[in-house]
Amino acid sequence: MNEIIPCDIIQDLLPLYVDGLTRETTSRELEMHLARCSRCRECFERMRRGIEEEKSLQQQEACREINYLKTLKKRNRKHVILGIAAAVPAVLGAVCVKLFFIGTPSKSYTVTYINTDQDQLHVGGTFLGSGSVYSRHKVVSQPDGSQELIIYTCLASSWNRKGVFNLTLDMRDIDKEIRINGAMVTKDGFVISSQAGRLYEAKNPYIGDASADGRLTAALSLAHHMGSFKNELQTTKEPYGWELKFEDSIRNSAVFDAGMKDYGCVLLALTGNLGEVTWVYTVETEEGPVERRRTLTTQEASDYLGEPVKSFSESKRRVQELLDLLELPELLFIPNVS
């Protein structure tokens, strides 16, 4: 370019030149003009200083923002740490209160007694594990209109080692019936044990169902109380029979026969078409072992009880009345088996 470019055009091109946006030939012409023109050179210097100052301000602002974000992050981290430090003792405290004071609902206990006295219901129990102790209790209403006693247990501690509980409830607060770990107390104060409930659930309409027969003797804990035995069923003709052959020798036949008479009544009551129960055992005598055989018929059981033996299978309450009539208290509060 041989012609002299006017200063106005040069100054219009300077912003592009400063930003490095001009072509190489244009940049050379600008540089040549700046070398000989003091007025354009002064304008260029002002423009460059202004851009440099603007960049410097932008860098400073960016630094301030970065420093602010760093400070904010550091402050937030500190708050988080302090929050965690404050939360950990609170959480640990809540866990300790839950484990050692409030407790959780439990059925791992044996009911040792239930009795009523006018408007009071007395309940006692023992926990099955040494690590659990009584915490509190609550009566909860159920959808069917009944109520349930909920026992809460917590971990044993130096201030609480109560492995048993003894409670007194107000019978006037019972609307219909209250359940206590399988047992039940009606509004009128009648106690139906968990054993009676299990026996009622195990009743069997047919003696020929061997598995059902086994469930009934298990619910009755017959082997535990009288010894191991083998079954022999007579289902070909009436009266249908159930023969129990005991394997261990007996020393006192009178006591054994009295016990089996009571258990035989329960078997006759809860097995629908059963007509007679026979038990066979060996008794030790001075002359040596002697085999004995005893039979209890439905009619004999009814005469013994004073009412039809089969009528005791009508309800859980009737089963409990049978247990009470036979005076079998050792059956009443056997722990529930899950």
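Note that the coordinates shown come from a computational prediction; the quantities given were computed from them, not determined experimentally. In this chain, residues are counted from 1 in sequence order.
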Are [X] and [Y] side-chain neighbours, meaning at least one heavy-atom pair lies under 4.5 Å?
X	Y	answer
Leu326	Val266	yes
Arg39	Gln11	yes
Phe127	Thr153	yes
Val277	Leu244	yes
Leu13	Thr26	yes
Cys154	Ser132	no
Asp324	Phe190	yes

Please check if the side chain of [X] supplies one atom and the backbone of [Y] the other of a donor-acceptor pair under 3.5 Å.
X	Y	result
Lys203	Leu216	no
Asn252	Val255	yes
Gln60	Cys63	no
Gln147	Asp175	yes
Gln120	Asp117	no
Asn160	Val133	no

Side-chain ion pair, [X] and [Y], N-O less than 4.0 Å:
X	Y	result
Arg64	Glu61	yes
Glu177	Lys187	no
Glu243	Arg294	no
Asp188	Arg317	yes
Glu45	Arg48	yes
Arg28	Glu24	yes
Arg49	Glu53	no
Glu321	Lys316	no

State the [atom1]-[atom2] distance between [X] and [Y], to the nearest 0.5 angstrom.
X	Y	atom1	atom2	answer
Ser135	Lys162	OG	NZ	8.0 Å
Thr298	Leu268	OG1	CG	5.0 Å
Ile250	Met226	CD1	CE	7.0 Å
Cys265	Leu325	SG	CG	8.5 Å
Tyr263	Leu296	OH	CG	14.5 Å
Leu270	Arg318	CG	CZ	11.5 Å

Which atoms form the tightest heavy-atom contact between [X] and [Y], and what is the distance?
X	Y	answer
Lys310	Leu274	NZ-O, 2.9 Å
Arg41	Ala35	NH1-O, 3.3 Å
Leu220	Leu199	N-CD2, 3.8 Å
Tyr200	Ser313	CE1-O, 3.4 Å
Ala219	Ala202	CB-CB, 4.2 Å

Under a 4.5 Å side-chain heavy-atom rule over Ile, Leu, Val, Met, Phe, Trp and Tyr, are [X] and [Y] clustered together?
X	Y	answer
Leu121	Met184	no
Val191	Met171	yes
Phe246	Val283	yes
Leu167	Val185	yes
Ile180	Val139	yes

Pair Val123-Asn166, side chain to side chain contact (heavy atoms under 4.5 Å, CB included): steps then yes or no: CA-CA 6 Å; Val123 182; Asn166 300 279; over 6 Å; no
Which residues, ordered by chain and number, are linked to Tyr152 in its hydrophobic cluster, where ILVMFWY side chains connect at heavy-atom gaps below 4.5 Å, directly or through other members? Val140, Ile150
For residues 70-77, please give each side-chain donor-acceptor pair under 3.5 Å, one per line with the distance, not counting sequence neighbours.
unit_1, atom_1, unit_2, atom_2, d
Thr71, OG1, Asn67, O, 2.8
Asn76, ND2, Leu72, O, 3.3

Flag yes if more than 12 heavy atoms outside Gln118 fall under 6.0 Å of its CD atom; otherwise flag no. no
Taking atom NE2 of His122 as the centre, report whether more than 12 heavy atoms of other residues, nucleotides or ligands fall under 6.0 Å from it. yes
Answer with yes or no whether the side chains of Ser56 and Glu54 bring together a donor and an acceptor at under 3.5 Å. no
Assess, by modelled atom type and distance only, whether the side chains of Ser302 and Glu307 contain a donor and an acceptor separated by less than 3.5 Å. no
Could you walk me through whether Ser27 and Thr22 pass the side-chain hydrogen bond (donor to acceptor under 3.5 Å, both in side chains) check? CA-CA 6 Å; Ser27 298; Thr22 55; 2.6 Å; yes
Candidate pair Glu148 and Lys107, rule salt bridge (Lys or Arg N to Asp or Glu O under 4.0 Å), full reasoning: CA-CA 12 Å; Glu148 184 173 2; Lys107 290 190 177 180; 3.7 Å; yes
Given Leu14 and Asp12, is the side chain to side chain contact (heavy atoms under 4.5 Å, CB included) satisfied, shown in steps? CA-CA 6 Å; Leu14 284 178; Asp12 288 341; over 6 Å; no
Given Leu267 and Trp242, is the side chain to side chain contact (heavy atoms under 4.5 Å, CB included) satisfied, shown in steps? CA-CA 9 Å; Leu267 296 178; Trp242 188 347; 3.9 Å; yes
Checking side-chain hydrogen bond (donor to acceptor under 3.5 Å, both in side chains) for the pair Ser249/Glu284: CA distance, chi angles, key distance, verdict? CA-CA 7 Å; Ser249 298; Glu284 297 292 338; 3.1 Å; yes
Sub-6.0 Å ring centroid separation between Tyr206 and Tyr240: no
Would you say the ring centers of Phe229 and Tyr281 fall short of 6.0 Å from each other? no
Determine, stepwise, if the pair Ile178 / Leu149 fulfils side chain to side chain contact (heavy atoms under 4.5 Å, CB included). CA-CA 7 Å; Ile178 184 168; Leu149 176 65; 4.3 Å; yes
Could you go through Asp213 and Asn231, starting from their C-alpha distance and side-chain angles, then the distance that decides it, and tell me whether this counts as side-chain hydrogen bond (donor to acceptor under 3.5 Å, both in side chains)? CA-CA 9 Å; Asp213 297 337; Asn231 294 307; over 6 Å; no
Test ring pair (Phe, Tyr, Trp, His ring centres under 6.0 Å) applied to Tyr17 - qualifying residues, sequence neighbours left out: Phe44
